[in-house]
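Here the structure is a predicted model, which is why all the values come from computation and not from measurement.
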Amino acid sequence: MSDSCGIGQFLKTAGAALAFLAVTAFVFVLHFCSFSGGEKTYYLYSASSQAEMRKELSFGDLFFVRGESAVYRTEGEDAEKFAEELAEKYRAELLFEEEAGGTLSGYYYSPLLKGGTTIGGKFVNLHIAIRADGVAVGTPVIFGGW
């Protein structure tokens, strides 16, 4: 009879440990998903253009995520309004803008996002880019083309 009690206790402990790991993994995944929706790209190992970029993550990748971006397909004034709403959602302060090749890029600081990079002496952790066919958002900045 003592064997069955030991097994029961082991199963309860193992079940609790598995539940803890599942909740921890879920919270960990949420932490690295800064943007909902859109076409995602994750930056692994580096928050720079040297990062390895992936569209999907494995559990092991979660430990190496250093940034992400998402592209949303919108048009015209909808794109500008969507970009404004993103900045408001993240309580982001616009630091500077630049326009190149038909893309208007805004560089922001958001107290809701971790990490960042220094550009032109300013600490940036949110990049929102608008062009005719959509909006891209990235943290700390958008890397790669879209």
Side-chain angles (χ1 to χ4, degrees), residues 7-146:
I7 291 173
Q9 185 62 34
F10 171 77
L11 292 176
K12 285 181 184 179
T13 303
L18 287 175
F20 173 78
L21 288 174
V23 169
T24 302
F26 179 72
V27 169
F28 198 70
V29 169
L30 285 179
H31 174 74
F32 284 105
C33 296
S34 298
F35 311 116
S36 60
E39 301 166 27
K40 299 268 184 129
T41 301
Y42 299 93
Y43 312 136
L44 276 61
Y45 309 110
S46 173
S48 75
S49 59
Q50 302 302 310
E52 182 177 320
M53 295 180 198
R54 297 221 180 130
K55 297 288 183 186
E56 306 229 352
L57 295 175
S58 68
F59 183 76
D61 292 336
L62 295 176
F63 299 100
F64 303 105
V65 173
R66 299 296 179 261
E68 72 176 275
S69 64
V71 175
Y72 304 89
R73 303 294 172 188
T74 58
E75 294 186 24
E77 291 179 18
D78 290 339
E80 290 178 22
K81 183 176 178 171
F82 186 77
E84 288 174 13
E85 290 171 356
L86 279 171
E88 288 174 14
K89 176 181 178 181
Y90 290 96
R91 296 186 300 178
E93 173 192 352
L94 178 63
L95 303 172
F96 63 95
E97 291 180 318
E98 65 181 6
E99 189 166 357
T103 301
L104 175 64
S105 284
Y107 296 87
Y108 298 80
Y109 172 75
S110 168
L112 303 179
L113 297 171
K114 293 183 179 185
T117 189
T118 302
I119 302 174
K122 300 190 182 208
F123 188 74
V124 173
N125 66 358
L126 181 64
H127 178 190
I128 301 175
I130 306 168
R131 65 181 198 194
D133 64 342
V135 174
V137 60
T139 183
V141 294
I142 302 162
F143 298 111
W146 61 281

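Between Ile128 and the options Val137, Ile142, Val141, Leu94, a side chain to side chain contact (heavy atoms under 4.5 Å, CB included) holds for only Val137.
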Handout entry: Worked verdict on Phe63 versus Leu44 for side chain to side chain contact (heavy atoms under 4.5 Å, CB included)
Key = CA-CA 9 Å; Phe63 299 100; Leu44 276 61; over 6 Å; no

Handout entry: Worked check of side chain to side chain contact (heavy atoms under 4.5 Å, CB included) between Glu68 and Thr139
Key = CA-CA 6 Å; Glu68 72 176 275; Thr139 183; 4.2 Å; yes

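Between Tyr43 and Met53 there is a side-chain heavy-atom pair separated by less than 4.5 Å.
Ile130 and Ala79 make their closest contact through CG2-CB, 3.9 Å (heavy atoms, listed as atom of the first residue, atom of the second, distance). In this structure, Ala70 and Phe35 approach most closely via the heavy-atom pair CB-CB, 4.0 Å. Taking every heavy atom of both residues into account, Lys122 and Leu95 meet most closely at NZ-O, 3.8 Å. Taking each heavy atom of Ala92 and Leu126 in turn, the nearest pair found is CB-CD2, 3.7 Å. A pairwise comparison of heavy atoms in Glu97 and Gly106 identifies CG-CA, 4.1 Å as the closest pair. Taking both residues in full, the closest heavy atoms of Gly116 and Pro140 are given as CA-CB, 3.7 Å, listed atom of the first, atom of the second, then distance.
Separation of atoms CG (Leu104) and CD (Glu80) is listed at 8.0 Å; rounding is to 0.5 Å. The distance from atom CD of Glu56 to atom OH of Tyr42, rounded to the nearest 0.5 Å, is 8.5 Å. Atom CD1 of Ile7 and atom NZ of Lys12 lie 13.5 Å apart (nearest 0.5 Å). Taken to the nearest 0.5 Å, the CG atom of Asn125 stands 12.0 Å off from the NZ atom of Lys114. Going from atom CZ of Arg54 over to atom CZ of Phe64 covers 10.0 Å, rounded to the nearest 0.5 Å.
Note on ring orientation: taking the six-membered ring where Trp is involved, the planes of His127 and Tyr107 are parallel (angle under 30°, cut-offs 30° and 60°).
A donor-acceptor contact closer than 3.5 angstrom links the side chains of Thr41 and Lys55.
Summarising the local packing, CD of Glu99 is surrounded by more than 12 heavy atoms from other residues, nucleotides or ligands at distances under 6.0 Å.
Ring-centre distance between Tyr90 and Tyr108: not below the 6.0 Å cut-off.
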